[in-house]
Peer 1: 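Would you mind keeping the following structure in view while I ask a few things?
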Amino acid sequence: MLNLFGQIVLLLCILASTGFFFLEVRKRYRLVKTGLKDEKRWDKPVKRLGFVVARVATQLCSIKDRPVVGVMHAFVFWGFVFFTVATINHVGGAFGKGFSLWGKGLFNDLWFLGVDIIAVFCIIGTIYLAVRRYFVKPIAITKPMPISRSPQSAIVLSLIFGLMLTYLLNQGAEIILIGESFAKWMPFTRATVPLMAGMSAGSLHILNSFFWWSHILMVLAFLVFIPHSKHFHLLAGPINIFLRSHDPIGTLKKVDFEKVEEFGVTNVNQFQWKNIIDFFSCVDCGRCQDVCPAFQSDKALSPKVIMMSLRKHILHESDNLLSGNAPAEPVMDKWITADEIWACTTCGACMEACPVSNEHIPTILELRRAQMMMENKFPQELNPAFKGLETNSNPWNMGSSTRADWTEGFEVPIMAEKQEVDYLWYVGCAGSFDDRGKEISKAFAKILNKAGVSYAILGEEEGCCGDPARRVGNEYLFQMNAEQNIETFKQYKFKKIVTCCPHGYHILKNEYNEFGGQYEVVHHSQLLAELISSGKIELTQNGNGIITFHDSCYLGRYNQIFDEPRSILRAATKQEIVEMPRAKTKSFCCGAGGGRMFMEETEGKRINHIRVEEAQKTGAATVGTACPFCMSMFDDGIKEKGIEDKLKVQDIAQIIANAMS
Amino acid sequence: MSAILVVTELQNNEFKKSSFETVSQARRLADSLGQTVTALVIGSDVKAKAASLGEYGADQVLTAEDTKLENFNPDYYKTIVIEAVKKVSPEIVLFIATLQGRDLAPRVAAALETGLASDCTGLEVVDGSLEIEHPLYAGKVFAKLSLESPVKILSLRPGVFEAKMNGKQAVVNSLELPALESRIKIKEINKTGGDKLDVTEADIIVTGGRGVRSAENFKIIEELATVLNAAVGATRAVVDSEWRPHDEQVGQTGKVVSPSLYIMCGASGSIQHWAGMSGSKCIVAVNKDPEAPIIKRADYSIVGDLFEVVPALTQEIKKIKG
Amino acid sequence: MKIIVCLKQVPDTEANIKIDTNGKSISEAGIKFIINPYSEYAIEEAIRLKEAGKAESITAVSWGPERVSEALKTALAMGVDDVLLLKTDSYSVDSFATAGILAAKLKTMEYDLILMGKETIDDGSMQIGPMLSELLNIPCVTVVTKLDVDGEHVTVKREVEGGSEIIETSTPCIITCQKGLNEPRYPSIRGVMMAKKKQVTTEQVSFEGENLSINKLSYPAARSEGKVVGEGADAVAELVRLLREEAKVL
């Protein structure tokens, strides 16, 4: 217990520190409030809360992608939780001797045992994390420079370490001063006793006070420090996880051209409020960067840097924003560069990996939208793709009247003749114009015919789904494409839409509804799986050899279709699939997404080469794909590496067609 | 007897082959219409060779000689042609649809306030009047045109009509030169050869794909391009491998080109490449794989090893170019 | 400096051209129209001159039916200041008649530089520029791949057979633009939105004194499927023969 002077000093310190804490938090709260509205964040609150508990309390958020680091982080996390309560006891002790929230008794003893153990685990955690950060130096947390070189982590790790140490030493001194009765079950605290053995009572009292004050001052310093640092994720992280989007990864919001005149984000005050919480939640852990195909192939982009740069930027502009003024500088060029935003393949691996549920892709795409639509600044090689989408509704600008030319020599029914079918087959641009894509279409047509499925294609009436335009920020062109298709779909009767292209699948299923197009959409892998399981197609052994499967981002991570393609490959080859190290939710992009198919890839390594190497290492003779763009990236990569004799790529439909008797 | 006036062209002070073609056509028309053929030769030193046009059917050759006329200046040349028209009073004036002829003919037509049928690929006399064929929409449709003006001006596409010798003797007369004035000045003439041709400007492109296998091997592609006065193009894979500079890349993310002749060696013709060159008038592929998609899509293809075919092609073209 | 760009709207290069039942014109059903690609070089060059501070205003002029206002709106979206549609019921294959309606209007306008494509990809006549030169009595340089404007001095690089020329002239003049002059920009979406709201000034005109007319349209002999000339070096001689005699590209 402190004397009155001490108590006053302590109270003043607490007041000051919590005051600073709340002022900073309030500033951030007000900054978040300057964000634009975003309504879809509060629905299903129970489900949201449950997810927070499942992720945060268990620390699965941190453990799932990095088990060891995650467990260490969990030690620190639980240390933090326990010590938040322990601090109340600590402060209480200043006003009443032996104060404890739990009074006396078994629970109190157990509590102290818990804190005792947690403190040590927390020390282990901080030492591990410090060694990792300062000696092992993994790229995830040390690169890119200079953004990952701030002293914040050093300060926080030392504070936590100090907190634990001073706690143990303070309690150890108490044991000597008060006697055995103080610590029933505090094995680790007890271990500090020999360190202070043989000291005079006076020295011990001074030492005890020193540890006691050091501990509480560190707590208070930590409190002041938190909101200023990336460790604000303590607060923002769980909130952000609660607010996470329930839409598939990377689903974009409609731009209402009738209502708004500013498209995308040019200035930092054009973000939605949830985006701003993202910026405050990022803790620079680099999980996103570890899985980012752009970063992994030495491009300018690191998703965490986008978040941290925007955090810096928004804080830099806080005076302007909070006084209702426009930001002094636009986002692009000084805070984020064009190379960064155009390198994104929108694969969604960053969002999948982010422990605090940050939504990097919508942020990057809002920046693209403004660059594209407001500034007219974009990689110029997109020009022909835009022209093609505009005049011939395909990015290669092939004549729209030749869209159905691939059907020559095949019996493929046309919607205009059929009027009503079970499946409207949306073939898509790659399936209609690209030689490799056409092979997929032919194989799928063969299967559908054999299985007697009621289907038809739109033929010349079909247009691009608009994915390439939308992902590069040309929302206007996307809406042109989308509206045209929706009009065409309206003319016919069909139960479902089936498509071989995951990009078409995703956008028709999840993004057309904002434009009045609600359809039941299935991917050809789903229909094929159904046809196989219902016995409509018969498969005989074929000679594909060992097979591996590459998950398309838009099919897998975006839409959780992992099992169907695998099940049909197993059925076709009568053997297990050899998985690549990065599969399913962790699948590594082929490099074509986000409109990258139509841009140059000059910086760093080619993404498709990285993935081809990974596939080759499995020893498989064939890579199965379920996306025409993935297929063409693989095909190019295989040819460029000159390994055509070792590895080939085939769409699941081709593999099935080959396996049919 | 009315006349047909032919405005011939020279290159390096020699008649272009198309000059003979056009004079031959004039002869053919003159014979069916009962007219005479006058050929106009404009240049700085043309008298000596003027008579040779007689062999292709000219009855008369008018020469316009002046140092100012050594190179094509549309203002000077137009004045000369108008002068010749005054002198000959032709019913038909034929130009050659070269860059020069297509620059000059419209000026003359406008000065004479008459219509012009340019770039004709066919020309017949039907019931005493001309039936002209002219391609529209890049050759997707052909039009039969009729021209109803007192003076009918046409330009004929080079290389389409036959140059036929018929051993006539032509009278060579000098045209009295009018005053020559021009509002443009030719500062410099650059013959191609020294400078690298840009793929977007070239009329012929020889492209190498991954099948060329190395930067050094591109020598054979370059050699073929040189004899054809063509630009060298490259596929993305080639540029990525740093065998060729990026400015030669043809395709979706490279340059979009539409030359008259596009020769692809060792390239499979992926859609990304196709999107950049599908506008080419004639596509030739050399590929060892008979199943390569480009074999089906090219207008002409040779299945074989490009290291044999390309040098052979270079030799063959050298032969015909003399 | 005031620039006028003459542009034409044409069917897309990839359009499937079908002859109308009258046999004299093409059916426009299902055809997408674009700005003639060579006209785009002219628009782009004008905008670049304006961006470089060398031009104060750009007016784009076109002719043809109502649908042409779409092409003019694209020009607005790209960055021209004003547009004018000389509305005609159809197109004339007689370029002199077309040059006539353009000249009549241009004579009433102020300009220092007239830019246009070297040809249009529909009728490929390549005549309007040099004809306007006569009708307006100003110099014209055709097939230009490089343009420098310095006050009233104009220096251009033009393509000629077997090479290029550097030519000097002065404003007012007409320049017809060839591929290689620039890379036309994609119109900004902001520009597209603004252009949408703008009204296209339209004047009804009609062709006079047409001398050239279409009697009949026909399709060319079907372009044969890819022809495999042969295998290996032995096929070379035959290939060269085909290129010279059949394709006529050598």
Side-chain angles (χ1 to χ4, degrees), chain A residues 255-264 266 368-405 408-409 416 433 459-461 463 469-470 472-480 484 598, chain C residues 9-19 26-41 43-44 47-48 50-51 67 70-71 73-80 121-122 179 181-198 219 222-223 225-226:
Chain A
V255 174
D256 192 340
F257 288 102
E258 300 298 315
K259 286 194 187 139
V260 294
E261 285 181 346
E262 303 264 316
F263 322 125
T266 306
R368 279 189 181 180
R369 278 178 170 175
Q371 288 297 292
M372 172 69 227
M373 294 193 282
M374 300 301 291
E375 307 292 322
N376 217 24
K377 287 182 193 159
F378 55 89
Q380 285 306 295
E381 63 266 24
L382 286 170
N383 257 326
F386 290 151
K387 281 199 172 160
L389 290 171
E390 211 169 284
T391 45
N392 283 299
S393 207
N394 71 79
W396 298 286
N397 205 10
M398 302 280 154
S400 54
S401 60
T402 63
R403 196 173 256 272
D405 283 6
E408 224 178 75
F433 296 108
E460 286 182 36
E461 286 185 290
R470 191 167 225 205
V472 299
N474 194 339
E475 178 75 3
Y476 184 77
L477 189 49
F478 156 70
Q479 291 191 10
M480 258 171 62
Q484 182 64 52
F598 306 101
Chain C
Q9 191 189 41
V10 295
D12 173 44
T13 46
E14 299 299 321
N16 188 11
I17 303 287
K18 290 205 178 89
I19 299 168
I26 62 155
S27 158
E28 292 196 358
I31 286 189
K32 289 271 186 180
F33 290 91
I34 59 170
I35 295 181
N36 175 44
Y38 296 103
S39 306
E40 279 193 332
Y41 300 122
I43 300 169
E44 177 65 29
I47 297 170
R48 290 188 187 192
K50 192 179 172 197
E51 284 172 347
R67 60 169 160 79
E70 284 308 309
K73 285 196 169 180
T74 306
L76 277 172
M78 284 174 80
V80 312
I121 59 163
D122 51 357
K179 188 182 276 200
L181 180 63
N182 54 45
E183 280 295 329
R185 71 195 58 198
Y186 183 75
S188 78
I189 302 305
R190 188 156 58 163
V192 170
M193 302 306 290
M194 285 191 320
K196 254 187 158 179
K197 291 176 197 146
K198 270 204 187 173
Y219 297 108
R223 188 169 167 165
E225 277 269 307

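Order of the sequence lines sets the chain letters (A, B, ...), proteins ahead of strands, with each chain counted from 1.
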Peer 1: State the CD1-OG1 distance between I34(C) and T391(A), to the nearest 0.5 angstrom.
Peer 2: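 Rounded to the nearest 0.5 Å, the CD1-OG1 separation comes to 6.5 Å.
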Peer 1: Is N16(C) in contact with chain A via its backbone, its side chain, both, or neither, using a 4.5 Å heavy-atom distance?
Peer 2: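 Both the backbone and the side chain of N16(C) come within 4.5 Å of chain A.
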Peer 1: Which value, rounded to the nearest 0.5 Å, describes the distance between R190(C) atom CZ and E375(A) atom CD?
Peer 2: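 These two atoms lie 6.5 Å from each other.
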Peer 1: For L477(A), is it the side chain, the backbone, both, or neither that has a heavy atom closer than 4.5 Å to a heavy atom of chain C?
Peer 2: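 For L477(A), side-chain heavy atoms alone lie under 4.5 Å from chain C.
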Peer 1: Under 4.5 Å heavy-atom distance to chain A, tell me which part of K18(C) shows up: side chain, backbone, both or neither.
Peer 2: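 For K18(C), neither part sits under 4.5 Å from chain A.
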Peer 1: Using the ring of each side chain (for Trp, its six-membered ring), is Y186(C) parallel, tilted or perpendicular to F386(A), with breaks at 30° and 60°?
Peer 2: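 Answer is tilted, since the angle falls between 30° and 60°.
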Peer 1: Locate the shortest heavy-atom distance separating E14(C) from G399(A); write the atom from each residue and the value.
Peer 2: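 Where E14(C) meets G399(A) most closely, the heavy atoms are CB-CA, 3.3 Å.
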Peer 1: With rounding to the nearest 0.5 Å, note down the distance linking CD in E261(A) to CE in M194(C).
Peer 2: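 Rounded to the nearest 0.5 Å, the CD-CE separation comes to 10.0 Å.
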Peer 1: Side chain, backbone, both or neither: which part of N397(A) has an atom under 4.5 Å from a heavy atom of chain C?
Peer 2: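 Contact with chain C involves both backbone and side-chain atoms of N397(A).
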Peer 1: Does CD belonging to E381(A) count more than 12 external heavy atoms closer than 6.0 Å?
Peer 2: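 For E381(A), atom CD is crowded (more than 12 foreign heavy atoms under 6.0 Å).
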Peer 1: How many angstroms lie between atom CZ of R185(C) and atom CD of Q380(A), to the nearest 0.5 angstrom?
Peer 2: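 The CD atom of Q380(A) is 9.0 Å from CZ of R185(C), to the nearest 0.5 Å.
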Peer 1: Kindly give the heavy-atom pair with the smallest separation between K32(C) and E390(A), and that separation in Å.
Peer 2: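 Minimum heavy-atom contact is NZ-O, 3.9 Å.
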Peer 1: Could you give the distance from CD (E475(A)) to CD1 (I189(C)), rounded to the nearest 0.5 Å?
Peer 2: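 Atom-to-atom, E475(A):CD and I189(C):CD1 are 10.0 Å apart.
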Peer 1: Just verifying a value: how many Å separate S188(C) OG and Y476(A) OH, rounded to the nearest 0.5 Å?
Peer 2: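 Rounded to the nearest 0.5 Å, the OG-OH separation comes to 11.0 Å.
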